[in-house]
Amino acid sequence: MEESELTRTRKEKISALRAAGIDPYPNGVRVDNTSAELRARFGALDNEALGGIKDTFSLAGRLMAVRNFGKASFISIQDRKGRLQGFIQKKTLPEADYDLFRRLDVGDIIYIAGRIFKTKTGELTIEAGRLRLLAKALRPLPEKWHGLTDVETRYRRRHLDLIMNPDVRETFHRRSRIIKLIRDFMDSRDFLEVETPMMQPRAGGAAAKPFKTFHNTLGMDLYLRIAPELYLKRLVTGGLERVYEINRNFRNEGISTFHNPEFTMMEFYLAYATYEDLMQFTEELFLFLAENLFGGPRFVYQGTEIDLTPPWRRTTVREAVERHLGIAPGTLDDRGRLLALAADMGLEPQENTAAGRILMTIFEEKVEKELIQPTFVTQYPVEVSPLSRRNPRNPDFTDRFELYVHGREIANAFSELNDPEDQRERFLMQLREREAGDEEAHVMDEDYVQTLESAMPPTAGEGIGIDRLVMLLTNSASIRDVILFPQLRIRDEL
RNA sequence: GGGACGUUAGCUCAGGCGGUAGAGCAGCGGACUUUUAAUCCGUUGGUCGCGGGUUCGAUUCCCGCACGUCCCA
């Protein structure tokens with residue numbers, strides 16, 4: 001893009017500053033305070049009390065506003081904690097500093113130091129006795145009243161979004177806090193945080209298409225991981241017993257308000273536990289987060305109150321579908337009835353499609369979006385659960401649950417399959433699906449089967465989608481609002 | 001992949017049934033010592049997303065494309 005008149009003017013200002021012996025990008029300045037510290041210390045004092053304080057305080061940040069009254073000006077400085085007002089007077093500043101002030105633009109990074117007082121409107125203010133330019137901005141800030149609202153620009157120029165929109169800063173502060181709280185919770189349960197490969201020779205642990213890359217020296221294909229699952233279970237087999245990882249997964253799939261190609265997942269594995277233990281564990285974790293964030297189990301997401309008070313509803317996939325369709329319990333166990341139901345819905349399953357897959361299609365199409373309050377959906381078909389332990393009473397289904405809140409899957413967990421021979425059979429079943437054209441069927445992983453042959457303790461494991469959880473807890477409608485740099489198509493122009 | 005909507009100044013937005021466009025903020029010049037969207041006077045700034053078609057003439061109409069948002073698959 002052609003250089004704007006505004007930028008050209010600013011470059012001329014920089015030249016003029018340099019000609020006057022002023023470095024527009026100096027370094028080494030120390031700042032003693034943040035806006036919030038000063039506000040906390042002095043915000044409650046009146047001018048009489050403040051007048052007794054002879055110390056000077058310094059503040060650095062972005063110049064967000066200038067209100068000029070001839071020989072006096074009010075400025076607004078924004079740092080990481082908020083904003084504080086500065087008062088600039090010709091008579092209290094060194095002449096060189098005042099000259100510099102006249103050359104500043106909104107958007108510049110500056111430093112001021114001086115005594116603190118309150119204006120007659122009661123606003124806490126630093127009366128500048130010194131002023132420095134720390135970094136000159138060449139581009140103007142977005143409009144001061146409406147800010148930056150264009151969604152595309154907000155994502156592509158996140159720095160402007162963060163400068164202009166306090167809500168956005170708050171969301172990402174909260175995201176960080178949530179992840180810290182999760183770590184606190186996991187630590188309190190004696191878990192070990194680990195890191196496992198993001199680049200894997202086989203992309204296993206989930207049903208998804210991977211991104212592929214190539215290692216030049218090793219001369220081998222590698223895949224960005226779609227899940228850390230198989231590595232974490234190797235660690236459990238190795239005796240670590242309680243492990244978790246909070247890290248990115250990569251799935252080569254569509255992008256939507258709930259999907260980003262790279263997303264953050266916490267996976268954890270707990271030896272000597274079952275999926276039923278994890279339901280309680282999940283309730284406790286979410287409640288811990290809500291207590292810390294909201295002071296209780298209830299919060300509002302997109303206009304709907306969500307109540308995390310345990311115990312949460314539990315239902316099997318089949319019960320959920322039967323109740324939703326208003327059909328008699330057990331109906332879905334009959335393959336003919338199942339096919340007919342699917343056909344009625346226009347789902348067109350193939351004659352040879354596994355019953356479990358048809359059931360899941362109906363569930364995903366019709367039931368998922370109805371699960372508003374937190375709900376554990378259990379007993380997933382074995383066909384779609386190649387790493388889960390079979391239910392002892394009904395081996396066509398697995399001891400697995402997914403957690404749904406506000407119609408979206410937030411977590412997925414199961415009692416882990418630790419029988420190496422069953423695991424090999426499951427992989428072979430997946431291999432047949434893959435050969436039949438299912439690109440998301442699990443790959444064969446002999447190395448993992450060999451791990452299980454060394455005996456993995458009975459274990460339960462769970463994955464929690466951190467971005468989706470943060471969406472819920474920050475009332476964000478789109479996953480792009482909780483990921484700092486969401487994936488967008490590249491644009492040629494700047 | 002399909003549908004709807006959007007793309008006009010740095011930002012937020014108007015507008016034009018076809019004759020190359022306006023406002024506010026920002027910028028620039030000026031006034032102003034308690035404002036906080038400061039105010040007042042003056043003023044600069046545009047390949048109207050990109051490409052093609054129709055036309056004497058397209059930013060406007062038509063087609064295609066790009067990018068984005070939302071919805072559906």
Side-chain angles (χ1 to χ4, degrees), chain A residues 1-14 16 35 39 47 50 62-78 82-93 98 101-108 114 116-128 136-166 253-260 302 345-348 361-362 364-366 368-369 407-408 476-481 485-494:
Chain A
M1 185 183 283
E2 207 167 297
E3 183 172 273
S4 77
E5 185 190 339
L6 295 167
T7 298
R8 216 164 41 243
T9 305
R10 301 269 179 115
K11 285 187 175 173
E12 287 164 12
K13 288 185 181 183
I14 285 185
S35 58
R39 212 176 279 290
N47 251 333
L50 291 172
R62 191 174 300 275
L63 182 59
M64 296 301 289
V66 176
R67 295 178 288 278
N68 204 304
F69 292 83
K71 296 184 181 65
S73 302
F74 294 95
I75 62 175
S76 187
I77 297 176
Q78 177 170 292
R83 292 189 184 186
L84 198 72
Q85 181 166 267
F87 186 48
I88 307 289
Q89 286 186 102
K90 186 168 188 177
K91 67 179 186 192
T92 54
L93 266 184
Y98 192 74
F101 168 70
R102 301 299 302 230
R103 303 171 194 243
L104 293 181
D105 288 290
V106 169
D108 292 348
I116 199 145
F117 76 110
K118 277 188 175 171
T119 63
K120 71 182 182 191
T121 58
E123 173 127 5
L124 192 68
T125 304
I126 291 186
E127 182 185 62
K136 185 70 188 163
L138 291 179
R139 294 173 183 272
L141 290 179
E143 206 255 347
K144 65 184 169 192
W145 183 239
H146 301 91
L148 181 66
T149 62
D150 181 79
V151 181
E152 181 176 0
T153 310
R154 285 186 41 229
Y155 297 149
R156 289 189 192 277
R157 308 228 183 284
R158 186 65 97 176
H159 59 287
L160 296 178
D161 192 24
L162 290 165
I163 291 167
M164 298 306 296
N165 296 319
E253 295 165 354
I255 294 177
S256 78
T257 48
F258 282 85
H259 299 83
N260 196 61
Q302 303 294 295
M345 293 174 191
L347 296 178
E348 300 173 5
T361 304
I362 297 175
E364 285 161 16
E365 288 289 316
K366 302 294 175 186
E368 259 186 27
K369 60 177 178 291
R408 296 289 169 176
S476 299
S478 170
I479 199 169
R480 295 177 203 104
D481 293 327
F485 299 101
Q487 201 64 51
L488 299 176
R489 281 193 167 84
I490 197 160
R491 280 193 95 148
D492 297 338
E493 58 185 291
L494 285 171

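In what follows, every chain begins at residue 1, and chains take the letters A, B, ... in the order their sequences are listed.
Ion pairing of A:R154 with A:D481 is present here, as a side-chain N (NZ or NE/NH1/NH2) and a carboxylate O approach within less than 4.0 Å.
Closest to the side chain of A:E5, from the set B:rC67, B:rU44, B:rU33, is B:rU44. Residue A:E152 places its side chain closer to B:rC67 than to any other of B:rC11, B:rA26, B:rC67. The side chain of A:L6 sits closest to B:rA26 out of B:rA26, B:rU33, B:rA37. Taking the side chain of A:L148 as heavy atoms from C-beta on, and the options B:rG45, B:rC11, B:rC25, the nearest nucleotide is B:rC11. Here the side chain of A:E143 is nearest to one of B:rU35, B:rU34, B:rC25, namely B:rC25. For A:F74, whose side chain is taken as the heavy atoms from C-beta onward, the closest listed nucleotide among B:rA73, B:rA26, B:rU35 is B:rU35. In this structure, the nucleotide among B:rU69, B:rU34, B:rC11 sitting nearest to the side chain of A:F69 is B:rU34. Here B:rG68 is the nucleotide among B:rC28, B:rG68, B:rU33 with the atom lying nearest to any side-chain atom of A:R156.
If you check B:rA4 for Watson-Crick or wobble pairing at under 3.5 angstrom, you find it paired to B:rU69. With a cut-off of 3.5 Å on both Watson-Crick or G-U wobble distances, the partner of B:rA37 is given as none. Across all strands shown, B:rU47 remains unpaired; no Watson-Crick or G-U wobble contact has both distances below 3.5 Å. Summarising the base pairing, B:rG24 is matched to B:rC11 through a Watson-Crick or G-U wobble pair whose two defining distances lie under 3.5 Å.
The separation between A:Q487 atom CD and B:rC67 atom C1' is 14 Å, rounded to whole Å. In this structure, CZ of A:R157 is placed 14 Å from P of B:rG68, rounded to the nearest angstrom. In this structure, CD1 of A:I255 is placed 15 Å from P of B:rC71, rounded to the nearest angstrom. Atom P of nucleotide B:rA37 and atom CE of A:M64 are separated by 13 Å, given to the nearest angstrom. In this structure, CG of A:D105 is placed 17 Å from P of B:rC11, rounded to the nearest angstrom. In this structure, A:K11 atom NZ and B:rG10 atom C1' are separated by 14 Å, rounded to whole Å. Put simply, CD on A:E253 is 15 Å from C1' on B:rG1, counting in whole angstrom units. Atom-to-atom, NE2 of A:H259 to P of B:rC71 comes out at 13 Å; the value is rounded to the nearest Å.
Between B:rC28 and B:rA66, the distance separating the two P atoms is 40 Å to the nearest Å. Nucleotides B:rC62 and B:rG19, compared at atom P, are 15 Å apart to the nearest Å. Comparing B:rG51 with B:rA58, their P atoms sit 13 Å apart, to the nearest whole Å. Taking atom C1' on both B:rG2 and B:rU55, the two are 34 Å apart, rounded to the nearest angstrom. To the nearest whole angstrom, the two C1' atoms, one in B:rC56 and one in B:rC13, are 34 Å apart. With C1' as the reference atom, B:rU69 and B:rA9 are 23 Å apart, rounded to whole Å. For the C1' atoms, the distance linking B:rG15 with B:rG46 amounts to 14 Å, nearest Å. The separation of B:rU47 from B:rC32, taken at their P atoms, amounts to 37 Å, rounded to a whole angstrom.
Contacts of A:D150 with the nucleic acid, taken as non-hydrogen atoms under 4.0 Å apart, involve only primed sugar atoms and P, OP1 or OP2. Counting any heavy atom pair closer than 4.0 Å across all strands shown, A:R139 reaches no nucleic acid atom. Within the 4.0 angstrom heavy-atom criterion, no nucleotide atom of any strand lies near A:K118. Across all strands, A:T257 comes closer than 4.0 Å only to sugar-phosphate atoms, never to a base (heavy-atom distances). Nucleic acid contact for A:R83: none, since no nucleic acid atom lies under 4.0 Å from a heavy atom of the residue. Note on A:G107: nothing from the nucleic acid sits closer than 4.0 angstrom, heavy atoms only. At the heavy-atom level, A:L160 lies nowhere under 4.0 Å from the strands shown.
Side-chain N/O atoms of A:R480 include one lying less than 4.0 angstrom from OP1 or OP2 on B:rU69. For B:rC28, the OP1/OP2 oxygens have no side-chain nitrogen or oxygen of A:R8 closer than 4.0 Å. Between B:rA38 and A:R67, a contact under 4.0 Å exists linking OP1 or OP2 to a side-chain N or O. Applying the 4.0 Å criterion to OP1 and OP2 of B:rG24, one finds that A:K144 has every side-chain N and O outside that range.
Listed for the A:R62 side chain is a donor-acceptor partner under 3.5 Å among the backbone atoms of A:G107. No donor-acceptor distance shorter than 3.5 angstrom exists from the side chain of A:D161 to the backbone of A:L148, with no hydrogens or angles considered. Of the possible donor and acceptor atoms, one in the side chain of A:R39 sits under 3.5 Å from a partner among the backbone N and O of A:R83. A:E143 contributes a side-chain N or O that, together with a main-chain N or O of A:H146, makes up a donor-acceptor pair within less than 3.5 Å. A donor-acceptor contact shorter than 3.5 Å is absent between the side chain of A:D108 and the backbone of A:L63.
Atom NZ of A:K369 is separated from atom CD of A:E364 by 11.5 Å, given to the nearest 0.5 angstrom.
Residue-to-nucleotide contacts include no donor-acceptor pair under 3.5 Å from the side chain of A:T149 to the base of B:rU12.
By the ring-ring contact (aromatic ring centres under 6.0 Å, His included) test, A:F87 pairs with A:F74, A:F117, sequence neighbours left out.
Two residues are said to be in side-chain contact when any heavy atoms from C-beta on lie closer than 4.5 Å; A:P140 and A:R10 meet this criterion.
RNA chain B is contacted by both A:P142 and A:Q85; A:P142 maps to the nucleotide lying nearer its 5′ end (nearest heavy atom per residue). Projected onto RNA chain B by closest heavy-atom contact, A:E365 and A:W145 fall at different nucleotides, the more 5' of which corresponds to A:W145.
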